[in-house]
Amino acid sequence: MSYTNLLVADDGAIRVITINRPDQLNALNRDTINELDGALTEAEADKNVRVIIITGSGIKAFVAGADIKEFAHFSVEEGKALSADGHKKLFTHVERLNKPVIAAVNGFALGGGLELAMSCHFRVASETAKLGLPEVGLGVIPGYGGTQRLAQLVGKGKAMEMILLGSTGMIPATEALQWGLVNHVVPAEQLLSTTLELAGKIARNSPTALGAAIRAVNAGYEPGTNGMQREIEEFGKCFGTADFKEGTMAFMEKRKADFTGS
Ligand code: COA
């Protein structure tokens, strides 16, 4: 599939999806969200892809938010549909993908950009990255999961403060690291190589177990779902997989497990 607003490239088993609207600081317009939906579906279906990295093109921005120019004249109903459609196609889609998705945050991650990074399974940031939720200064609130996922990641008090401060609540990567909002901060020129290295280590593990782990962890954050019960079910299902046979046999045979065929 070819894309107008994305660059898609593989590094071995790692698919790197780069949001490519640098002159608009990679703002998420409708077309870009639709393309990301397609690229994620494609990556999930491709057996050769084991881990996905999402990043932004250029040195300035990961994603500077939802495209303000596109929604500036929306009605109440259009606003609600914008949020619901984005949740389904992109943010919940990323969060529930059965392959690990890592955000490589290369600059501004604002509004929908931070919400996209937070939907990923974890985040690596460059020293130059800045993160924030400026929406209240525009007369709206974070509408792509920010009110929920930020509180889950950093706690309610810090989330409230960042959201209520709007653009003045933006924080540098080093502070985001202290908050636990990002997992690693590296010099800008090492961002992709560090993220690829982490992705490569993850990619050597069992893909069926990776998918099960993502579902089990996510379950703890789904209202009405019993996370422990889901863990028990997912754990049990692993015993029926070829990956489990290979992983445990490899341990007993004192060799490295080989999941390349799975
Ligand atoms: N939506 C649409 N366009 C955006 C955008 C967004 N969220 N963020 C940046 N852009 C566009 C600008 O309009 C500008 O385009 P133009 O040259 O056609 O006018 C271009 O990207 C460059 O941005 P600019 O504002 O000139 O860069 P800057 O260095 O002066 O400021 C930011 C950088 C990130 C501080 C500033 O762009 C900004 O505040 N963006 C909006 C952030 C936001 O509120 N996000 C939440 C949206 S819900």
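Excluded from the calculations below are hydrogen atoms, water molecules and symmetry mates; all remaining heavy atoms, backbone and side chain alike, are included. Counting starts at 1 for both ligands and their atoms, in listed order.
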Can you tell me if [X] uses its side chain to pair, donor with acceptor, with the backbone of [Y] under 3.5 Å?
X      : Y      : answer
Glu234 : Ala216 : no
Glu127 : Ala188 : no
Thr248 : Lys245 : yes
Glu42  : Met1   : yes

Would you mind listing which atoms of ligand 1 come within a distance below 4.0 Å of any non-hydrogen atom of [X]?
X      : answer
Glu135 : 48 (S)
Asp67  : 1 (N), 2 (C)
Leu138 : 44 (O), 47 (C), 48 (S)
Lys60  : 27 (O), 28 (P), 29 (O)
Leu110 : 34 (C), 42 (C)
Ala27  : 1 (N), 2 (C), 6 (C)

Nearest protein heavy-atom contact for [atom]: which residue, which atom, what distance?
atom                    : result
atom 14 (C) of ligand 1 : Lys69 NZ, 4.1 Å
atom 10 (N) of ligand 1 : Gln24 O, 3.8 Å
atom 35 (C) of ligand 1 : Phe108 CZ, 4.2 Å
atom 20 (C) of ligand 1 : Asp23 O, 3.3 Å
atom 9 (C) of ligand 1  : Leu25 CD1, 3.8 Å
atom 44 (O) of ligand 1 : Pro134 CG, 3.5 Å
atom 1 (N) of ligand 1  : Ile68 N, 3.0 Å
atom 45 (N) of ligand 1 : Ala64 O, 2.9 Å

Under 4.0 angstrom from ligand 1, any heavy atom of Ala66? yes
Pair Arg255 + Glu246, salt bridge at N-O below 4.0 Å: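 A salt bridge links Arg255 with Glu246.
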If you measure from the Lys or Arg side-chain nitrogens to the Asp or Glu carboxylate oxygens, is any gap between Arg30 and Asp85 under 4.0 Å? no
Is it possible for you to say whether Leu36 and Ile52 belong to one hydrophobic cluster, with membership spreading through side-chain heavy-atom contacts below 4.5 Å?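 Leu36 clusters together with Ile52.
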Protein heavy atoms: any of them under 4.0 Å from [atom]?
atom                    : value
atom 37 (O) of ligand 1 : yes
atom 26 (O) of ligand 1 : no
atom 17 (O) of ligand 1 : no

Assess, by modelled atom type and distance only, whether the side chains of [X] and [Y] contain a donor and an acceptor separated by less than 3.5 Å.
X      : Y      : answer
Asp243 : Thr241 : no
Arg149 : Ser119 : yes
Tyr144 : Glu135 : no

Minimum side-chain heavy-atom gap Lys88-Asp37 below 4.5 Å: no
